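These notes are about the structure you will find just below.
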Amino acid sequence: MAKIHQTFVCQSCGAVYNRWRGRCEACNGWNTIVEETGATGPQAGPVKTRPSRARGRVFALEGLTGEVKEAPRIPSGINELDRVTGGGFVRGSVILLGGDPGIGKSTLLMQASAAMARTGERVVYISGEEAVAQVRLRAERLGLSSAQVELAAETNVEDIVETLSQGRPPALAIIDSIQTMWTETVESAPGTVTQVRGSAQTLIRFAKTSGTAVILVGHVTKDGQIAGPRVVEHMVDAVASFEGDQGHHFRILRAVKNRFGPTDEIGVFEMTDMGLAEVPNPSALFLAGRDHAAPGTAVFAGMEGTRPLLVEIQALVAPSSLGMPRRAVVGWDPNRLSMVLAVLEAHGGIRLGTHDVYLNVAGGLRISEPAADLAVAAALVSSLSGATLPPETVYFGEIGLSGAVRPVAQAPARLKEALKLGFAKAVMPQGRGEGGDGGLTTEALRHIADMVAGIASNGPRRVASRRGHNPPDYGDDD
Ligand code: TYD
Ligand code: MG
C-alpha cells in the first residue's frame, strides 16, 4: 500500500515543511501553513498518472524554422486586452489573470470570450464558481447572450480536459477560477496549494498539446487562507493583474510577466453598468474633474509602457501637531516621497520637518516611475506655499539626491500627449526631448532649486512661510 505522506504546506508561497509551524520561513507569512495529505515534496505536483515505461519513446526533433499552420496569435477583439498580451493570445499559451475578488475578472473574460466567439473561433468558458444560470445571467446583462460561447460549470480538471479534447480544439478556454479546480492525482483538499499547482499543471499540459490558449483566473487574497495563485506564476507563460480601486470606476490590466510580449503595457477599462468599457484615451479620464484653482496639484506626464498617461498628483502639506509628523501616500512609493522631501529640505531651502504630508495620485492610479519626482516636488511646494501651479503646465523628471533634475526616457511622447490634451508648457529636465514638440513651450531645469524659486515667484505666498502656516486666502496682502 502506498504510504500516505503528511506534509505541511504554506498556502501563500508553497513551501513544504514536515511539521506545523506558526510562521513560514520562506515568505514570513503567519498562519499560512496547513496540513496536506499526499504532497510528496517541494515540487509536489500530480502523482504519476501513467505507469512507468521500461524504455523511452523516440520522438521527432525539429528545427527552429518550420511550417506554422495557423496564425500564432489570436486577437481577442478587445484592443485594450490585446495591447497587454502583445497583440492577442498566443496559441498554446497559458495566462494567469490575478486580481482581488469582485474587481471584474469574470466580466472581462466573458466579454473577451464573446468578442472572440464572434470571430468564429471556438471558445469555452468553464466556471468553477458560478452556476451556468448565473453566468448566463451575467452574459445577458452584458448584452452578450447571442455569442456562441460554450459554457460549463465544472471543477474537475480531468473531466474538463477530456471534454475540451473532444472535437475541434478550442482557440480559447477560460478557467474561472484556478482555486476552485481539483485534480484526482492529488489527495489534498480543493483550494490548497498542492491542488492548485496540480490542476494548473494538468491544464498547462493540455494547452501545450492542443494549442488552446488557456486563461486561469486567480483570486489574490491577502490573508493567505485561500491558496495564493503565486505558486502558479512561474509555471505559466504570462501573468496579468487586474487592478483598480473599489471606490473608482476604472480598472487597469497590467502585464506582470509575459513570455511573448511586453511587460510594461497597461489596458484601461471603465466599469459601467453594461460591463467594462475600453478607455482609449486614459489621460482625459484621469484628468477629468481637476480643480485648477487649488494649490498642491500638479499634472504629471507619465508613461505606462509605450503609452503616455497624464495624471494629477495631489499634495497636502499642513502644520503638524504631532511630534513625529505624518507622511501618508496613496498611489506612489512612500520611500520615494521621503527622498523627495529630504532633497527639498536639503537643496530647495524648504522646511517640512514640522508638517504633515499627504500625497495622492488622483483617480486611484498607482505609479512607479521615478519620473514623477518633479511633479511630486511641484505639488508639495505648491501646497506648502499656497501658490497655485499654472493649470496648463505638465511636470516630469527624476530628482537625484544632489537636487539635480535628471533626464527621463520618452520625453517626446510625453510632450506630444500633453500637447494633445491642451497643455501649453512642460517643466522638464534639461537635455533629451527639450525644445518641445512644436507648440509646447518647455522649461528645462538643471536643479530642483530653480523650480522651487519659480513656483514661489508665481505664487501669492512665500515658499517657506516663517510660521509654517499659510492662511487659505490667495490675496497678495503681504
Ligand atoms: P466580477 O467580474 O464578478 O468580479 P471577479 O470575477 O473579479 O470576482 O465583477 C463583479 C463586480 O462588477 C460586481 O461588484 C458588480 C460589477 N459589475 C458592474 O458594475 N457592471 C456589470 O455590468 C457587471 C457584470 C458587473
Ligand atoms: Mg469571478
Side-chain angles (χ1 to χ4, degrees), residues 76-78 80-81 84-85 94-118 123-147 149-155 157 160 172-182 190-191 196 199-200 203 214-230 232-233 236 238-256 266-279 285 363-364 366:
S76 67
I78 297 181
E80 293 292 306
L81 179 57
V84 175
T85 53
V94 181
I95 298 175
L96 175 68
L97 176 66
D100 293 333
I103 205 77
K105 300 180 294 298
S106 305
T107 306
L108 175 69
L109 293 177
M110 177 47 71
Q111 290 181 248
S113 313
M116 201 171 206
R118 293 224 163 96
V123 180
V124 181
Y125 192 108
I126 309 279
S127 177
E129 299 193 336
E130 291 161 287
V132 170
Q134 280 175 300
V135 182
R136 276 201 194 124
L137 210 65
R138 184 204 304 269
E140 211 166 286
R141 274 197 47 202
L142 297 170
L144 303 171
S145 11
S146 64
V149 178
E150 294 169 50
L151 195 62
E154 185 52 62
T155 54
V157 286
I160 292 171
L172 177 68
I174 287 156
I175 307 291
D176 188 2
S177 65
I178 188 66
Q179 272 108 346
T180 55
M181 295 295 137
W182 67 281
V196 167
S199 305
L203 291 163
V214 173
I215 302 183
L216 306 175
V217 174
H219 293 297
V220 181
T221 54
K222 288 176 188 77
D223 57 35
Q225 285 305 306
I226 305 168
R230 298 216 163 272
V232 186
E233 280 183 8
V236 298
V239 179
S241 78
F242 204 37
E243 309 168 348
D245 197 290
Q246 298 281 8
H248 289 100
H249 285 303
F250 62 85
R251 304 279 181 265
I252 291 177
L253 184 67
R254 203 183 283 274
V256 182
I266 62 164
V268 184
F269 298 89
E270 191 175 2
M271 184 59 103
T272 68
D273 46 3
M274 280 296 290
L276 291 157
E278 294 184 60
V279 180
L285 179 75
R366 215 167 34 109

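Source: prediction; values computed, not measured. Residue numbers start at 1 and run along the sequence shown. Order of appearance sets the numbers: ligands from 1, and atoms from 1 within every ligand.
- Using a 4.5 Å heavy-atom threshold, the side chains of Leu203 and Val94 count as separate.
- For ligand 1, the polar-atom distance check finds an N/O of Thr107 within less than 3.5 Å of one of the ligand's N/O atoms.
- Taking 4.0 Å as the cut-off, Thr272 counts as a neighbour of ligand 1 on heavy-atom distance.
- For the residue pair Arg136 / Ser145, no side-chain donor-acceptor distance below 3.5 Å is found, with atom types taken as modelled.
- A heavy-atom distance below 4.5 Å is not found between the side chains of Leu96 and Val256.
- Atom 18 (C) of ligand 1 is approached by the protein to below 4.0 angstrom, counting heavy atoms only.
- Where the criterion is an N or O separation shorter than 3.5 Å, residue side chain and backbone included, Met271 fails it with respect to ligand 1.
- Using a distance-only test at 3.5 Å, with no hydrogens or angles considered, a donor-acceptor pair links the side chain of Glu278 to the main chain of Glu80.
- Contact annotation: Gly99 has no heavy atom less than 4.0 Å from any atom of ligand 1.
- Less than 2.8 Å away from the Mg ion (ligand 2), the protein contributes these N/O/S atoms: Ser106 OG.
- Backbone and side-chain nitrogen or oxygen atoms of Pro101 are examined, and none is located within less than 3.5 angstrom of a nitrogen or oxygen of ligand 1.
- For Arg138, a nitrogen or oxygen atom sits less than 3.5 Å from a nitrogen or oxygen atom of ligand 1, counting backbone and side chain alike.
- In terms of N/O distances under 3.5 Å, ligand 1 is approached by Gly102.
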